[in-house]
2 protein chains.
Amino acid sequence: MPRTTPQHRKVTLADIAQGCDVSRATVSLVLRGSPLVNSATRARVEAELKRQGYVYNRAAANLRRRTSSSIGLVVNDLGNPFFAEFAAGADEALARAGYVTLLGNTGESPERQQAVLTSLVEHGPAGIILSPAEGSDGERVLAAVGMHTPLLVFNRELPDDDGTHRWDTLEMDNEHGARLATEHLLGLGHRRVAFFGGHRDSSSVEQRRRGYLGAMRDAGLAVDPGWLIESAPTRLEAARQTGALFARDPAPTAAVCYNDAVALGLMLGLTRRGRRPGEDFALTGFDDVAEASVCVPPLTTVAVDPRGLGRRSAELILQRLGNPDTDTAYTIAPVRLVVRESSCPPASP
Amino acid sequence: MPRTTPQHRKVTLADIAQGCDVSRATVSLVLRGSPLVNSATRARVEAELKRQGYVYNRAAANLRRRTSSSIGLVVNDLGNPFFAEFAAGADEALARAGYVTLLGNTGESPERQQAVLTSLVEHGPAGIILSPAEGSDGERVLAAVGMHTPLLVFNRELPDDDGTHRWDTLEMDNEHGARLATEHLLGLGHRRVAFFGGHRDSSSVEQRRRGYLGAMRDAGLAVDPGWLIESAPTRLEAARQTGALFARDPAPTAAVCYNDAVALGLMLGLTRRGRRPGEDFALTGFDDVAEASVCVPPLTTVAVDPRGLGRRSAELILQRLGNPDTDTAYTIAPVRLVVRESSCPPASP
DNA sequence: CTGAAAGCGCTTACAG
DNA sequence: CTGAAAGCGCTTACAG
């Protein structure tokens with residue numbers, strides 16, 4: 001199995017110029033589609049380009065023109081379907097706009113995030129889309145990104161001690177999503193509704209709780225403090241916390257869960273205690289992960305269209321490139337409720 | 001909310017050189033860690049680097065040195081968790097080796113694949129990892145990639161009319177995986193085992209069928225041609241084909257499914273016909289998608305460690321960069337069987 | 001140990 | 001309409 005030995009030396013503008021007896025400048029103009037070039041000359045050049053199998057060296061062009069044709073995309077965890085879909089959407093929109101995506105994966109570690117950002121910036125992206133690792137700090141991020149590269153922060157709030165908004169932001173409408181879920185449960189007739197899971201100090205938990213509390217207040221219902229139950233946002237921890245729901249009497253008949261992972265854990269916990277989720281206890285999730293539609297019972301949840309968010313993030317950063325000096329924007333993406341069997345009416349007493 | 005206006009003009013080597021009264025050459029040597037530089041000079045330069053907030057322009061360096069610090073990673077569909085995990089693994093290993101990942105997503109379209117490859121190549125990656133879109137053609141791919149950029153083809157065979165192996169290949173051990181699944185079912189006591197799903201002309205179907213047939217042969221069992229059932233590799237089509245399993249009498253008591261999607265569809269089809277998968281019919285999948293562990297019954301399947309494959313692909317392409325002239329390699333990654341409830345013993349008659 | 005000079009592959013005023 | 005020349009930000013022999 002012989003390997004075709006690559007011919008070294010790639011073909012450059014100079015080779016083409018020489019090959020059809022024009023200057024490099026003329027070849028460059030042809031390449032960039034300038035109307036100045038005589039059509040006969042253009043044809044000759046284009047033929048030679050094809051004949052020699054020329055491939056454009058965009059890095060060299062970018063250096064000379066002081067432009068960039070890449071955007072950095074840094075996510076916490078590509079293995080998480082939410083971020084994978086987000087990346088797919090962003091890449092799609094960036095590619096369509098002629099940019100290539102420089103990928104970075106932080107694995108939720110602020111240290112790796114610093115390393116990734118530092119490395120990315122050296123490659124000179126026109127902008128960076130960042131979904132910050134948990135616990136990252138705005139100052140450190142900005143130190144790595146520098147003042148020259150526009151930054152769009154997605155999904156999580158990045159602590160901004162400085163106070164001036166030095167980056168664009170894209171978040172989903174956590175508050176509204178939780179409100180929708182809560183109103184849905186109330187509409188089914190529930191009166192004692194808990195908010196289950198998540199740590200209070202997370203910005204998204206705080207936003208979702210706010211939506212829940214608002215809906216309860218608007219319905220004229222008092223919230224028992226014991227109905228606000230914390231847990232790590234994982235299936236296992238949520239299952240462990242199930243008991244806390246039934247510490248009070250009367251106990252809640254329904255729960256708005258922080259996210260789908262928590263909701264799936266709660267389902268498990270309920271089942272272990274002999275309760276039947278979707279029959280004698282109602283619950284909702286947040287995210288609409290793939291599993292939500294196939295678990296038993298299927299999970300009512302708030303869908304956030306991660307692919308659409310990815311596209312949106314690309315649009316926002318590209319827009320920023322065109323208007324470097326306008327005020328930074330804080331964009332909130334809509335969410336919608338997907339009703340499935342897990343949100344049942346209250347069991348008749 | 002005023003936006004901090006970015007100071008234009010980034011700081012360059014020349015700024016640093018001027019700032020501490022040395023030549024650009026010396027600054028460059030410091031940057032690249034040359035031992036030639038006097039330690040006092042080095043310290044001065046490093047201080048100035050920090051003071052001015054210098055960021056290395058890797059593109060310029062790459063141009064001058066005729067090197068590259070990026071690798072293209074082109075996958076069919078980032079939204080598919082398998083490829084997302086693969087990308088995460090590849091990116092992790094590439095980042096560790098000092099490369100940045102140029103992402104490309106083809107959405108399973110050979111046309112987009114050509115566009116993506118053409119664009120990527122202009123950014124001068126040191127190599128490309130490609131999971132080909134279904135129906136892509138080796139000649140076209142190679143025309144876009146060119147002879148200068150090493151190519152690693154992952155997951156699917158790329159038709160190679162030429163016959164000389166012009167790219168490295170990484171595949172998972174489809175044959176062995178299907179053999180493991182088949183042997184497992186035989187070990188449980190099944191004698192009439194079908195191979196269910198997938199199109200015969202797909203290379204991975206062909207490989208998996210070979211493993212199944214080998215295990216049957218080794219067990220001294222004849223395979224009824226009616227046990228080889230084709231279907232599109234989707235859940236819906238698989239569900240529709242369920243009837244074909246029971247066209248013969250006696251019917252199979254178990255099926256090795258082409259992949260998890262097919263297996264999940266078959267479960268659905270069985271249930272619709274009043275059969276209980278995992279109780280009166282045994283089946284296995286392939287891939288170990290997230291759903292496999294949570295469906296009812298949980299699915300026995302062949303796990304392929306996509307993240308590990310991603311890392312491996314990175315290692316292979318980096319290895320190729322170091323040895324451009326050695327023969328191309330055909331690497332087969334191991335798989336393992338994950339036993340769950342869907343593979344039950346045959347129902348006693 | 002340090003600097004002057006040439007050059008990576010492009011683009012862009014500026015002449016003509 | 002086309003070419004000569006300068007330059008993007010680096011690196012690397014080559015002198016000294």
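All figures in this text were calculated on a predicted structure; none of them were measured in a lab. In what follows, chains carry the letters A, B, and so on, assigned in the order in which the sequence lines appear, proteins first and then strands, with residues in each chain numbered from 1.
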ask   = Under a 3.5 Å cutoff on both atom distances, Watson-Crick or G-U, what's the dot-bracket for DNA chain D ([ ] crossing, | other strand)?
value = |||.||||||||.|||
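Phosphate proximity of C:dG9 to B:Arg66: present, with a side-chain N or O under 4.0 Å from OP1 or OP2. Dashed line: the shortest gap from a side-chain N or O of A:Thr26 to OP1 or OP2 of D:dG3 is under 4.0 Å. An OP1 or OP2 oxygen of C:dG9 is reached within less than 4.0 angstrom by no side-chain nitrogen or oxygen of A:Thr12.
In this structure, the CD atom of B:Glu122 is 11 Å from the P atom of C:dT11, given to the nearest Å. When rounded to the nearest whole Å, the span between CZ of A:Arg42 and P of D:dC1 equals 10 Å. Note: CG (A:Asn57) to P (D:dC10) measures 17 Å, nearest angstrom. The nearest whole Å value for the distance from the CG atom in B:Leu31 to the P atom in D:dG9 is 15 Å. The nearest whole Å value for the distance from the CG atom in A:Asp21 to the C1' atom in D:dG3 is 12 Å. Between B:Arg58 atom CZ and D:dC8 atom C1' there is a gap of 18 Å when expressed in whole angstrom units.
With the nearest nucleotide of DNA chain D identified for both B:Leu63 and A:Ser23, A:Ser23 has the one nearer the 5' end.
Among residues two or more places apart in sequence or in another chain, the side-chain contact (heavy atoms from CB on, under 4.5 Å) test is passed with A:Ala97 by A:Tyr99, A:Leu318. Scanning for side-chain contact (heavy atoms from CB on, under 4.5 Å) contacts around B:Leu152 gives B:Ile129, B:Asp168, B:Leu170, B:Ser313, B:Leu316, B:Ile317, with sequence neighbours left out. Residues passing the side-chain contact (heavy atoms from CB on, under 4.5 Å) test with A:Arg32, sequence neighbours excluded: A:Ser28, A:Tyr56, A:Arg65. The side-chain contact (heavy atoms from CB on, under 4.5 Å) search around B:Glu157 returns B:Glu171, B:Ser203, B:Gln207, B:Tyr330, not counting sequence neighbours.
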Distances under 3.5 Å between protein N/O atoms and the N/O atoms of nucleotides 12-16 of chain D, please, pair by pair.
unit_1: D:dT12; atom_1: OP1; unit_2: B:Arg65; atom_2: NE; d: 3.0
unit_1: D:dT12; atom_1: OP2; unit_2: B:Arg32; atom_2: NH1; d: 3.3

Only distances under 3.5 Å count here; give the side-chain donor-acceptor pairs of residues 82-89 of chain A to other protein atoms, sequence neighbours excluded, each with its distance to 0.1 Å.
unit_1: A:Glu85; atom_1: OE1; unit_2: A:Arg307; atom_2: NE; d: 2.7
unit_1: A:Glu85; atom_1: OE1; unit_2: A:Arg307; atom_2: NH2; d: 3.1

List the atom pairs, with distances to 0.1 Å, where a side-chain N or O of residues 112-121 of chain A and a protein N or O form a donor-acceptor pair under 3.5 Å, not counting sequence neighbours.
unit_1: A:Arg112; atom_1: NH2; unit_2: A:Asn105; atom_2: O; d: 2.8
unit_1: A:Gln113; atom_1: OE1; unit_2: A:Ala133; atom_2: N; d: 2.7
unit_1: A:Gln113; atom_1: NE2; unit_2: A:Ser136; atom_2: OG; d: 3.4
unit_1: A:Gln114; atom_1: NE2; unit_2: A:Arg140; atom_2: O; d: 3.1
unit_1: A:Thr118; atom_1: OG1; unit_2: A:Gln114; atom_2: O; d: 2.7

Side chains of residues 17-27 of chain A: which donor-acceptor partners sit under 3.5 Å, not counting sequence neighbours?
unit_1: A:Ser23; atom_1: OG; unit_2: A:Ala25; atom_2: N; d: 3.3
unit_1: A:Ser23; atom_1: OG; unit_2: A:Thr26; atom_2: N; d: 3.2
unit_1: A:Ser23; atom_1: OG; unit_2: A:Thr26; atom_2: OG1; d: 3.3

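Of the residues in residues 33-41 of chain B, not one comes within less than 4.0 Å of DNA chain D through any heavy atom.
B:Thr12 and B:Asn57 form no side-chain donor-acceptor contact under 3.5 Å, judged by distance and modelled atom types alone.
Listed by first then second residue, pairs satisfying salt bridge (Lys or Arg N to Asp or Glu O under 4.0 Å) with a partner in residues 120-134 of chain B read A:Arg58-B:Glu122, not counting sequence neighbours. The salt bridge (Lys or Arg N to Asp or Glu O under 4.0 Å) pairs that include a residue from residues 92-105 of chain A are A:Glu92-A:Arg96, A:Glu92-A:Arg311, where partners are two or more places apart or lie in different chains.
For B:Val22, whose side chain is taken as the heavy atoms from C-beta onward, the closest listed nucleotide among D:dC10, C:dC10, C:dG3 is C:dG3.
Residues A:Arg42 and A:Glu48 are not paired through a salt bridge, judged by the lack of any N-O separation under 4.0 Å between the basic side chain and the carboxylate.
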